[in-house]
Amino acid sequence: MKSKKIKDILIPRFLTLLSGVFLLVRSFHYANILPARIDESLFLYKGYLFAEGVYQPFEPYGLWTNKNPLSFLIPGWFELIFGAGLRTGRVLSIVLGLLTVLALWIITKKFTNDWLALFAVAVIALNPFYAWTFSQFISQSLAAVLLAWMLVFTLGKDKPIGQIIVGTLLAVLLVQVRQNMLPVIPFLILYIYWENGKKAGNTSLIVGLVSFIVLTAIYWPDIIRNYLAVIPGFLQSFAIKTINMPDSTLVVSNVSSPIERLASFTQGLRTHFPEILGAFIASIWIFLPANQKKSSYKRVLFLTVLFLVLFLAHLWASVFKNFCVYCFANYLAFFGILGAVLLAFCLYQAKEKISSFWVVSGILFLIIVCTCVGLSIFQNTGHILMDLKVPRIKNLSFQPGATELWTMLSNKFGFTFDDLEIMIPVAFGLLSGLLFWGISALIQRFRKNGISFLFTAVLVFTILGSAFTFPLNEQQYGGALQSCSGDSISSYEAIGEYLDSQIDPGSKVWWWGLSGQIVLSYIDDIQIYPPQLNYMFNYILGGTSDRLYELGYWNEDLAQEWLSEADYLIVENTTFSGDVVKWIDAELFEELPHTISINQCSTADYFRIFRRK
């Protein structure tokens with residue numbers, strides 16, 4: 001009995017704790033080396049300005065509030081307590097990440113066992129992408145923790161009314177953080193009706209409607225702008241009549257090629273490989289007749305449908321639109337934990353017989369996903385495969401020396417470099433999938449516990465696929481910075497201190513930069529031109545300048561008007577090109593010594609300062 005307790009409880013719990021510690025250490029490591037992204041800078045700096053009362057969300061002639069207010073206000077409130085800047089935001093985000101995996105463990109432990117709870121936690125905590133996500137304050141951190149704890153309070157039968165209320169409020173707060181999570185509220189309420197009955201459902205409906213209406217009414221009607229991308233089409237025409245929208249064209253709109261869109265899609269599959277497999281096996285599990293009579297069926301169906309709806313919505317918003325094609329992998333982080341939960345739930349009940357149709361279809365899907373993973377690396381890591389040294393062969397005999405794999409294939413079959421740049425990684429992914437399938441078949445042959453071959457394959461593909469994809473994620477999201485010495489947080493603080501020493505209190509500051517807005521939070525008593533913070537993402541071609549400014553947008557006329565008023569200019573060096581070079585008149589402004597670089601890997605990544613003469 002004692003040995004069973006050690007094996008079934010103590011060992012997996014100890015390994016779960018180690019997984020959490022690993023996530024903590026890696027997140028702090030990333031936090032120290034990663035430069036600030038535009039999203040992180042804006043959530044923190046705008047949030048601080050909102051929390052201080054300098055501006056209000058959706059205020060005319062104020063900050064562009066393109067995300068729902070709580071995504072800014074929550075970090076802003078923390079900055080009021082612990083100090084403005086990158087350090088506070090990143091520590092907060094790391095804490096949110098740990099709370100997310102804690103909730104994930106609670107959920108899966110309750111409905112499965114300690115080993116599967118460990119498995120669910122590990123596929124998140126050991127994935128470098130999630131450490132990268134939780135090491136920066138971006139809204140994915142907030143969304144994930146709210147979603148995870150919403151599930152803790154609402155998932156399962158016979159939930160106390162108090163927990164139903166808390167879970168529903170968390171769902172509403174989740175949507176008030178990110179409008180793209182709007183489907184969570186109706187699906188949760190429907191699930192509560194179905195799982196817990198009319199009384200619980202009515203409570204959830206009333207709490208959800210009242211809290212959502214109250215929080216939305218605070219910023220009515222301007223907040224409706226944020227829901228245009230997620231509400232049904234027939235409601236959009238009504239919303240547009242209710243609110244003000246610019247009638248001109250955003251500069252950042254661009255058209256991506258089909259291969260770029262496909263690359264974004266496959267990167268999402270690779271980055272979230274275990275979660276995708278969890279949603280996949282759940283999509284089959286819910287159609288097995290034997291499972292439809294189980295007590296777990298309702299919660300698995302709820303989570304599966306919610307995952308698929310959010311997956312398709314975010315696929316459309318990224319890959320099939322032009323605003324942020326390569327955001328797909330980042331978007332999946334809002335709800336990726338659902339896939340980890342589903343993976344544990346379905347593997348826990350994996351002894352049902354599955355028809356040959358589902359088995360064959362499932363294996364084909366798994367191999368296709370592996371092939372897509374191969375395609376996802378064709379632009380970067382795939383070059384390592386292309387440059388592999390292989391023996392020289394001529395007339396079916398080996399020749400002295402070696403050559404690159406791509407050169408051999410090019411000479412043999414006449415393929416171009418561009419052809420092989422895609423073909424070799426795809427072939428590698430396909431062969432990996434076939435290898436995983438072979439290993440699954442071998443394991444299944446010696447298993448005697450009655451688990452279906454498809455479930456065995458999913459388990460094998462998840463473990464081996466994670467071992468394959470996680471290093472690729474590491475390379476993509478942090479590999480280029482691993483060799484950099486120094487502390488990026490301290491660098492930003494030093495840059496902010498230097499800027500504060502150079503800029504007089506009360507000065508008007510003109511900003512031009514993509515991702516370093518966080519440095520402004522270290523400068524005391526300055527006046528900014530709010531729309532500039534979003535760089536070109538709210539920059540409009542044409543339009544009526546005053547109307548654009550009122551709605552949080554800007555154009556060239558406003559840029560030059562503000563330039564004529566400004567006392568100081570701060571320009572991110574990497575964006576110092578094109579129009580801005582022509583706009584800054586050397587007869588009117590003198591350039592001060594620039595700041596230090598953010599990190600040693602990019603010595604050109606610093607800020608230029610111009611002072612009016």
Side-chain angles (χ1 to χ4, degrees), residues 31 34 36-97 99-100 133-146 149 169-170 172-181 211 214-220 222-223 225-226 334 489 492-493 495-496 499-500 509 511 513 515-535 537-538 552:
L34 289 174
R37 297 165 56 191
I38 182 172
D39 287 352
E40 181 180 29
S41 288
L42 293 178
F43 283 127
L44 293 175
Y45 186 48
K46 287 185 180 181
Y48 184 66
L49 294 176
F50 284 147
E52 270 205 320
V54 178
Y55 296 97
Q56 297 297 323
F58 304 104
E59 176 185 342
Y61 305 100
L63 298 166
W64 190 40
T65 316
N66 59 319
K67 305 296 188 295
N68 273 1
L70 284 185
S71 63
F72 301 104
L73 287 169
I74 290 175
W77 292 329
F78 272 82
E79 288 179 281
L80 283 183
I81 299 171
F82 299 105
L86 202 59
R87 191 177 301 275
T88 296
R90 292 193 169 180
V91 170
L92 170 60
S93 186
I94 292 171
V95 171
L96 295 177
L99 290 174
T100 299
T133 298
F134 294 139
S135 68
Q136 311 161 81
F137 187 87
I138 49 179
S139 55
Q140 280 87 338
S141 303
L142 265 177
V145 73
L146 290 170
W149 285 95
L169 288 174
L170 288 174
V172 173
L173 291 177
L174 169 61
V175 175
Q176 294 298 325
V177 166
R178 282 300 297 240
Q179 61 270 21
N180 52 295
M181 300 299 285
S211 57
V214 168
L215 291 173
T216 302
I218 295 172
Y219 303 107
W220 183 269
D222 297 296
I223 194 173
R225 284 201 297 267
N226 289 351
F334 286 117
I489 297 178
Y492 279 104
E493 291 172 343
I495 290 170
L499 291 173
D500 187 48
V509 176
W511 168 265
S515 59
Q517 297 86 341
I518 191 63
V519 299
L520 299 175
S521 66
Y522 302 109
I523 308 174
D524 291 331
D525 189 22
I526 58 171
Q527 300 177 48
I528 61 169
Y529 301 98
Q532 285 192 301
L533 296 182
N534 285 83
Y535 189 49
F537 292 94
N538 60 334

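Between the Asn68 side chain and the Asn226 main chain, no donor and acceptor come within less than 3.5 Å of each other. Of the possible polar contacts, none joining the Ser41 side chain to the Ile38 backbone as a donor-acceptor pair under 3.5 Å is found. Side-chain atoms of Lys46 come within 3.5 Å of backbone N or O of Trp64 as a donor-acceptor pair. Tyr219 places no side-chain N or O within donor-acceptor distance of the main-chain N or O of Pro69, the cut-off being under 3.5 Å. Of the possible polar contacts, none joining the Asp39 side chain to the Ser139 backbone as a donor-acceptor pair under 3.5 Å is found. A donor-acceptor contact shorter than 3.5 Å is absent between the side chain of Asp524 and the backbone of Asp500. No donor-acceptor distance shorter than 3.5 angstrom exists from the side chain of Gln517 to the backbone of Leu42, with no hydrogens or angles considered.
Residues that satisfy the side-chain hydrogen bond (donor to acceptor under 3.5 Å, both in side chains) test with Glu52, not counting sequence neighbours, are Tyr48. Partners of Tyr55 under the ring pair (Phe, Tyr, Trp, His ring centres under 6.0 Å) rule, at least two apart in sequence or in another chain, do not exist in this structure. Every residue was checked against the side-chain hydrogen bond (donor to acceptor under 3.5 Å, both in side chains) condition with Thr88, not counting sequence neighbours, and none meets it. Scored by the ring pair (Phe, Tyr, Trp, His ring centres under 6.0 Å) test, Phe78 finds no partners at all (sequence neighbours excluded).
Shown here for Asn66 and Gln179, the closest heavy-atom pair between the two residues is O-NE2, 3.1 Å. Pairing each heavy atom of Phe334 with each of Ala143, the nearest pair is CD2-CB, 3.5 Å. Taking each heavy atom of Ala84 and Tyr522 in turn, the nearest pair found is O-CE2, 3.9 Å. What you find for Ile528 and Leu533 is that their closest heavy atoms are CD1-CD1, 3.9 Å. Looking at every heavy atom in both residues, Phe137 comes nearest to Pro75 through CE2-CG, 3.4 Å.
Residue pairs meeting the salt bridge (charged side-chain N to carboxylate O under 4.0 Å, His left out) criterion with at least one partner in residues 65-79, sequence neighbours excluded, are absent. Annotation: salt bridge (charged side-chain N to carboxylate O under 4.0 Å, His left out) contacts involving residues 83-94, sequence neighbours excluded, comprise Glu40-Arg90, Arg87-Glu493.
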Exercise for review: For side chain to side chain contact (heavy atoms under 4.5 Å, CB included), just list the numbers for Leu70 and Val177, CA-CA rounded to whole Å, side-chain angles, deciding distance to a tenth of an Å, and then say yes or no.
Suggested key: CA-CA 5 Å; Leu70 284 185; Val177 166; 3.8 Å; yes
Practice item. Kindly determine whether Val91 and Ile94 satisfy side chain to side chain contact (heavy atoms under 4.5 Å, CB included), including the steps that lead there. Key: CA-CA 5 Å; Val91 170; Ile94 292 171; 5.7 Å; no
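When side chains are defined from C-beta on, Thr216 counts as touching Gln176, because their heavy atoms get closer than 4.5 Å. Residues Thr100 and Val145 are in side-chain contact: their nearest non-hydrogen atoms beyond the backbone lie under 4.5 Å apart. Contact check for Leu499 versus Val519: side-chain heavy atoms found under the 4.5 Å cut-off. Annotation: side chain of Gln56 is not in contact with side chain of Ile218 (no heavy-atom distance under 4.5 Å). Ser521 places a side-chain heavy atom less than 4.5 Å from the side chain of Ile518. Side chains of Thr65 and Asp222 form no contact here, defined as non-hydrogen atoms less than 4.5 Å apart. Side-chain contact between Ile74 and Leu142 is present, with heavy atoms from C-beta onward closer than 4.5 Å. Side chains of Ile223 and Phe58 form a contact here, defined as non-hydrogen atoms less than 4.5 Å apart.
At a cut-off of 3.5 Å, with distance as the only test, a side-chain donor of Ser93 or Ser141 sits close to an acceptor on the other residue.
A tilted orientation is assigned to the rings of Phe72 and Phe43, their planes being inclined by 30° to 60°.
Leu80 CG to Leu73 CG: the interatomic distance, rounded to the nearest 0.5 Å, is 10.0 Å. How far OG1 of Thr133 is from CD of Gln140: 6.5 Å, rounded to the nearest 0.5 Å.
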